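Here is the structure we will look at.
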Amino acid sequence: MGTTIKGTGIYLPKDVLTNFDLEKLVDTSDEWITTRTGIKERRIAKEESVVEMSLKASLQALKNADLKAEDIDVVIVATLTPEKKFPSTGCLLQAELGVKRGYAFDLSAACSGFLYALEVSDGLLKSGKAKRVLVVGVEKLSEIVDWSDRSTCVLFGDGAGAVVLESSKGESDILASRMFSDGNLWDILYADKCGYIKMKGRELFKVAVRNMEEACREVLNAAEVSPEEVALVIPHQANVRIINALAEKLGIPRERVYVNIDRYGNTSAASIPIALHEAVEQGRLRRGDLVLMTAMGGGLTWGATLLRY
Ligand code: UT7
């Protein structure tokens, strides 16, 4: 049995915050942000709640999967900005969707949350404990950004991405995956007492490139797949320089690496499912293609997943 992505969906908030807008808020420049990060603009959820963004992305994913909410057994929401302390955003989403059976929960693994959720879903589907799982990566990072701290406030954005996974007999499947965490390194990226994001950027940069490369290599080796066979790499969108360094180390040309950080910034757990949906919509990812996803985030957490789409 394989784990198939039946459908994908996204929601991006309407409000756009450009680098030029940020120049008016803090001592920064479009030139600095563009050259150091690759970001030009990001979306800010002024009107939209975390649950609303999750719901819109989920409904689109269900529609693309040609399924209904009642077909879903498990709802997993990967987020570090849940709607409430409790109940989980997963339960609130379950109610909005009108799902009356199965169960829902949140998964906290920061920017690696979506890949961790895929890992859990793959286990549920392959063990026969579930037939269909809805996974959402959603963030409203604008609420936990210190808008007076130029070293972090220029980096993050809001949004949601969703996938419907199904156990199926076809060839599409999660071929290999490796998840990691190292709690000793928690203070490289965390929320402080006020709840604001704190980051040791330069340190994280180096760890990110090294760890994602290692995770990708482990996954490729486990699946006996060479980098040349990978149709598309979807990396977590934290910094275009990290993405370029990773692609170079793996020997994968830029045209086979998906980048949308210029439009959305770092949306943490939402970044990979948003990119995945766009890649499918743009025809850059077709059925049967091999896609390599990799992420690195607070925890520290990281991982890689190789999927035959
Ligand atoms: O999602 C989880 C994963 N996240 C990551 O992996 C993020 C990893 N880190 C990074 O992407 C980069 O380290 C940053 C983009 C955060 C920072 O880039 P950097 O090239 O490492 O810059 P830096 O922190 O070393 O700062 C260089 C200079 C400093 O000035 P001095 O000390 O050299 O005078 C900063 O004060 O740039 C200054 N600076 C800024 N200048 C203008 C920091 N932020 C800004 C800013 N505008 N927004």
Side-chain angles (χ1 to χ4, degrees), residues 17-42 78-81 108-116 137-142 144-159 161 179-183 185-192 196-216 234-247 249 257 259-262 264-275 293-304:
L17 185 72
T18 67
N19 292 348
F20 298 105
D21 297 328
L22 281 164
E23 286 179 357
K24 292 172 206 145
L25 276 181
V26 285
D27 180 16
T28 191
S29 64
D30 171 57
E31 202 266 333
W32 191 95
I33 303 169
T34 304
T35 54
R36 297 289 178 122
T37 72
I39 302 166
K40 298 295 282 182
E41 58 186 45
R42 68 288 289 143
T79 187
L80 57 88
T81 50
S108 172
C111 305
S112 311
F114 179 74
L115 293 190
Y116 270 51
V138 59
E139 299 293 3
K140 196 170 177 176
L141 297 171
S142 57
I144 61 160
V145 156
D146 176 354
W147 289 103
S148 65
D149 175 10
R150 70 174 183 173
S151 71
T152 52
C153 78
V154 302
L155 303 173
F156 299 100
D158 302 337
M179 299 299 131
F180 305 91
S181 68
D182 185 353
L185 302 177
W186 69 269
D187 65 345
I188 294 185
L189 179 57
Y190 65 100
D192 68 9
Y196 289 139
I197 297 174
K198 294 281 167 210
M199 182 168 81
K200 295 177 186 164
R202 222 177 288 186
E203 231 173 289
L204 188 54
F205 191 107
K206 285 185 210 143
V207 183
V209 176
R210 192 172 59 233
N211 287 2
M212 286 196 287
E213 185 202 353
E214 275 174 21
C216 286
I234 300 185
H236 168 51
Q237 311 281 312
N239 188 319
V240 78
R241 291 186 294 133
I242 294 179
I243 294 172
N244 289 343
L246 176 69
K249 281 179 186 289
V257 180
V259 176
N260 63 7
I261 191 171
D262 50 324
Y264 306 135
N266 180 349
T267 57
S268 185
S271 99
I272 293 179
I274 291 172
M293 298 174 279
T294 185
M296 170 87 215
L300 292 181
T301 56
W302 68 100

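Quick caveat: nothing in here was measured; it's all calculated off a predicted structure. Here, residue 1 is the first one in the sequence, and each next residue gets the next number. Both counts, for ligands and for their atoms, begin at 1 and track the order of listing.
Of the listed residues (N19, L25, T18), just one forms a side chain to side chain contact (heavy atoms under 4.5 Å, CB included) with D21, and that residue is T18. If you run side chain to side chain contact (heavy atoms under 4.5 Å, CB included) between C153 and each of V26, L17, L141, only V26 comes through.
The V154 neighbourhood of ligand 1 comprises atoms 48 (N), with distances under 4.0 Å to a heavy atom of that residue. Short contacts between ligand 1 and T37, defined as distances under 4.0 Å to a heavy atom of the residue, involve ligand atoms 15 (C). Taking every non-hydrogen atom of C111 and a distance limit under 4.0 Å, the qualifying atoms of ligand 1 come out as 1 (O), 2 (C). Short contacts between ligand 1 and L189, defined as distances under 4.0 Å to a heavy atom of the residue, involve ligand atoms 2 (C).
Looking only at protein heavy atoms, the nearest one to atom 18 (O) of ligand 1 is R241 NH2, 3.6 Å. The single protein non-hydrogen atom nearest to atom 4 (N) of ligand 1 is L204 CD2, 3.4 Å, given as residue, atom name and distance. The shortest contact between atom 29 (C) of ligand 1 and any protein heavy atom is with R150 NH2, 4.8 Å. Protein heavy atom at the shortest distance from atom 16 (C) of ligand 1 is M199 CE, 3.5 Å. Protein heavy atom at the shortest distance from atom 9 (N) of ligand 1 is G201 O, 3.0 Å. For atom 6 (O) of ligand 1, the closest non-hydrogen atom of the protein is I242 CD1, 3.3 Å. Among all protein heavy atoms, the one lying closest to atom 47 (N) of ligand 1 is T28 OG1, 2.7 Å. Ranking the protein heavy atoms by distance from atom 17 (C) of ligand 1 puts W32 CH2, 4.0 Å first.
Across N239, I188, D30, heavy-atom proximity to atom 15 (C) of ligand 1 is greatest for N239. In the candidate list R36, R202, K200, M212, R36 is nearest to atom 20 (O) of ligand 1, counting heavy atoms.
Not counting sequence neighbours, the partners of K200 by the salt bridge (charged side-chain N to carboxylate O under 4.0 Å, His left out) test are D187.
Neither the backbone nor the side chain of I33 has a heavy atom within less than 4.0 Å of ligand 1. Residue-level proximity to ligand 1 for M296 is carried by the backbone, the only part with a heavy atom below 4.0 angstrom.
Atom OG1 of T267 and atom CZ of F114 lie 11.5 Å apart (nearest 0.5 Å). With rounding to the nearest 0.5 angstrom, the CD1 atom of I197 is 6.5 Å from the OG1 atom of T152. Here the straight-line distance linking atom CG of D30 with atom CD of E41 works out to 10.5 Å at 0.5 Å rounding.
Formation of a donor-acceptor pair under 3.5 Å by the D158 side chain with backbone atoms of S142 is found in this model.
Between the side chains of T81 and E139, a donor-acceptor pair is found at a separation under 3.5 Å.
Proximity of C111 to T301: side-chain heavy atoms (C-beta onward) are nowhere separated by under 4.5 Å. Looking only at side-chain heavy atoms (C-beta outward), I188 and M199 stay at 4.5 Å or farther from each other.
Within a 4.0 Å radius of atom 31 (P) of ligand 1, the protein has no heavy atom. The presence of a protein heavy atom under 4.0 Å from atom 34 (O) of ligand 1 is ruled out.
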Subject >> Trace of the salt bridge (charged side-chain N to carboxylate O under 4.0 Å, His left out) decision for D262 with K40 >> reply: CA-CA 5 Å; D262 50 324; K40 298 295 282 182; over 6 Å; no

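Applying the 6.0 Å contact sphere to NZ of K198 captures more than 12 heavy atoms from other residues, nucleotides or ligands.
Here's the thing with N266: one of its N/O atoms is less than 3.5 angstrom from an N/O atom of ligand 1.
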